[in-house]
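Below is one structure; the comments refer to it alone.
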Amino acid sequence: MQILVLSFGYKQGSLDVDNVFRRPFPAQPHWVESMRPLTGLDEPVRRYVLGNPGQGVPGKGRAPV
């Protein structure tokens, strides 16, 4: 079995593959000025990332697509 992990954009056309598993990028708190000095261990950052649609931890709420 061969597995290839590849980043691509749908607008460039379809891929010649058997299966595609989509995982959207997580929210980026770095671009929120008030969160820039914080780390992922800080509660406001955690709430921001996990509170965005499509995010979640497998087995704890919403699982990745």
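All residue numbers in this chain count up from 1 along the given sequence. Just so it is clear, the model here is predicted, and its values are computed rather than measured.
Looking at residues two or more places apart in sequence or on another chain, you find a side-chain contact (heavy atoms from CB on, under 4.5 Å) between Thr39 and Leu41, Asp42. Remark: Glu33 pairs with Arg36 by the side-chain contact (heavy atoms from CB on, under 4.5 Å) rule, at least two apart or across chains.
Pro29 has its side chain out of reach of Leu38: every pair of non-hydrogen atoms, C-beta onward, lies at least 4.5 Å apart.
Contact between Gln28 and Tyr48 at its shortest, heavy atoms only, is C-CE2, 3.9 Å. For the pair Gly40 and Val45, the tightest heavy-atom approach, listed with the atom from each and the gap, is CA-CG1, 4.0 Å.
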